[in-house]
Amino acid sequence: MNDQDRRDPERASGDAVPLASPNGASPLAALQGLSIDFSADTGAVPLANAIGPMTLIDTAPITGSPESQFGPRGERTVSKLIILGSGPAGLTAAIYAARAYLDPIVLAGSAPGGQLMITSDVENYPGFPEGIQGPELMAKFREQAERFGAQIEDVDVDRVDFSSRPFQLWARGTEYRAEAVIVATGASALWLGLESEARLRGRGVSACATCDGFFFRDKQIAVVGGGDTALEEALFLTRFASHVNLLHRREQLRGSRIMQDRVLANPKITLHTNTVVEEVLGDAKVEGLRVRNTATGAERVMASDGLFVAIGYRPNTEAFADWLDVDEKGYLVVHDETASKIEGVFIAGDVHDHRYRQAVTAAGDGCKAAIDAERWLESQGVTEVRTAAAW
Ligand SMILES: Cc1cc2nc3c(=O)[nH]c(=O)nc-3n(C[C@H](O)[C@H](O)[C@H](O)COP(=O)(O)OP(=O)(O)OC[C@H]3O[C@@H](n4cnc5c(N)ncnc54)[C@H](O)[C@@H]3O)c2cc1C
């Protein structure tokens, strides 16, 4: 169905506002009640024909006094749905929720765009046969969410109260309220903390073999870590690399016996125990590593075209871990696809998924969470918009 066919004619009748301001800033502060310029729309189909039986309701804020429904810059602070996070999961949820007229507020976090902002080429996201730069892809996600009216605030949520509805959330001293919440705060790769590592991220330094291994065909690369993730990454990378040096700071690997056996039996992998990276060498791309033997203190330069840091991920759950179930690794636990243990709080993306960890799976999760949230809001009588089955 054509996106623009779904629009509510009443909502489109206000003063037109550019969809994106020239400086890239969100026009939403100016929009207040939402007004989108559909002047470029030439293919209108009568709404009833396009979407069949559907009840559109008003989109006025749901609770609270008028004074408390706007933040210091006039932005909305009350919505039917608040989405936490602006990676692929959060922004996909925002696109779906905005198109279902839930007027979502996205509290995007202090890393707007999420993990893909720190990578260069993304070659496995469908729809971009030539590949696309991570930041460019995330800018498109955001533009698409804003086009349908999502309000996006680049703030971290510090604290939540999920004890009763509307749920309360606080970010930089502003209180937000919503009948439903989608948590899509992702996970952060753990890094070694070297200046040279940060400088060469996306230029040969990566934390995702599935994502970036393909760029290292017939190259020599190094993997740092000693747990199962590092062993898996090293084995996976042998498909592409001419050779993989596995660097572990301790005497013994930490991974499971079976994975260790596979690594040690693989002729394309050399294990270097008691070895730490002191510096990633190169200006525009990785050209080698300065490594140190922790037992002898001896330093040397190791030839390497790439470095994969596989020392773990930290799910971003500080603000709500006390309210929701977490597993032994600290990831949120989902019940029945996207639900959490609290009715009305949904979960999407890498914040719960440590198995797939891909942009496309996170985006799929965001879609599912938005549909589940909408259906739940409908079941609570908060919204009557019946679009979930007719996306
Ligand atoms: C180096 C690297 C390269 C990668 N390359 C690829 C690739 O080529 N292809 C691919 O498919 N995948 C790739 N991935 C994996 C992919 O980036 C992730 O799977 C995906 O970004 C997960 O999306 P997400 O929305 O769940 O979380 P994230 O992308 O992690 O986004 C989380 C969001 O939550 C926000 N947030 C965190 N805490 C809070 C808070 N308290 N309040 C509000 N917001 C908060 C953050 O600011 C961020 O916006 C790569 C990952 C890395 C690290």
Side-chain angles (χ1 to χ4, degrees), residues 82-95 105-128 131-138 141-142 145 152-160 169-172 174 176 181-191 197-198 200-215 229 233 306-321 323 331-332 334 338 347-370:
I82 287 182
I83 297 163
L84 308 187
S86 58
L91 290 178
T92 302
I95 293 165
I105 296 171
V106 179
L107 301 178
S110 52
Q115 293 171 63
L116 284 187
M117 299 300 283
I118 57 163
T119 194
S120 49
D121 296 291
V122 177
E123 289 196 330
N124 54 11
Y125 198 84
F128 298 94
I132 184 167
Q133 298 287 298
E136 194 188 340
L137 178 61
M138 294 320 298
F141 270 66
R142 184 167 176 136
I152 304 180
E153 305 292 331
D154 293 337
V155 289
D156 271 325
V157 166
D158 324 304
R159 187 164 65 91
V160 301
L169 307 93
W170 289 267
R172 277 202 210 140
T174 300
Y176 293 82
V181 170
I182 294 175
V183 178
T185 47
S188 303
L190 300 179
W191 300 95
E197 172 200 49
L200 291 166
R201 260 186 229 164
R203 297 188 171 90
V205 174
S206 176
C208 180
T210 312
C211 316
D212 295 332
F214 189 75
F215 300 117
T229 304
E233 304 260 273
L307 174 68
F308 285 82
V309 180
I311 56 176
Y313 279 80
R314 181 180 44 80
N316 302 317
T317 57
E318 293 83 356
F320 27 77
W323 293 92
Y331 286 82
L332 297 184
V334 292
T338 68
I347 297 169
D350 284 15
V351 72
H352 83 88
D353 173 20
H354 46 82
R355 180 164 174 170
Y356 299 108
R357 279 197 204 121
Q358 291 297 291
V360 70
T361 50
D365 248 16
C367 158
K368 291 196 288 184

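Order of listing sets the numbers, starting from 1, for every ligand and every atom in it.
The shortest N or O to N or O distance between Q358 and ligand 1 is under 3.5 Å. Residue A359 places at least one N or O, backbone or side chain, under 3.5 Å from an N or O of ligand 1. Among the atoms of V351, none of the N or O lies under 3.5 angstrom from an N or O of ligand 1. Backbone and side-chain nitrogen or oxygen atoms of R357 are examined, and one is located within less than 3.5 angstrom of a nitrogen or oxygen of ligand 1. On a distance-only criterion, S206 and ligand 1 share no N/O pair closer than 3.5 Å. The shortest N or O to N or O distance between E123 and ligand 1 is not under 3.5 Å. Some N or O of N124 is nearer than 3.5 Å to an N or O of ligand 1, by distance alone. Residue A319 has no nitrogen or oxygen atom sitting less than 3.5 Å from a nitrogen or oxygen atom of ligand 1, judged on distance alone. Note: no N/O pair closer than 3.5 Å links V122 and ligand 1 by distance alone.
Sorted by first and then second residue, the pairs that involve residues 200-209 and meet side chain to side chain donor-acceptor pair (under 3.5 Å), not counting sequence neighbours, are S206-D212.
With hydrogens and angles disregarded, a donor-acceptor distance shorter than 3.5 Å links the side chain of D158 to the backbone of R172. A donor-acceptor pair under 3.5 Å is formed between the side chain of D156 and the backbone N or O of S110.
Contact annotation: for A184 versus ligand 1, heavy atoms closer than 4.0 Å belong to the backbone alone. If you look at S110 next to ligand 1, the close heavy atoms, those under 4.0 Å, all belong to the backbone. In A362, the part holding a heavy atom less than 4.0 Å from any atom of ligand 1 is the side chain. Contacts between T119 and ligand 1 below 4.0 angstrom, taking non-hydrogen atoms only, involve the side chain exclusively.
If you check each of D154, T185, V183, D350 against atom 38 (N) of ligand 1, the one with the closest non-hydrogen atom is T185.
In terms of protein heavy-atom proximity, atom 21 (O) of ligand 1 is closest to P88 CD, 3.4 Å. The protein atom (non-hydrogen) at minimum distance from atom 4 (C) of ligand 1 is C211 SG, 3.4 Å. Closest protein heavy atom to atom 41 (N) of ligand 1: V157 O, 3.1 Å.
Every residue was checked against the side-chain contact (heavy atoms from CB on, under 4.5 Å) condition with A111, not counting sequence neighbours, and none meets it.
Contact annotation: D365 has no heavy atom less than 4.0 Å from any atom of ligand 1.
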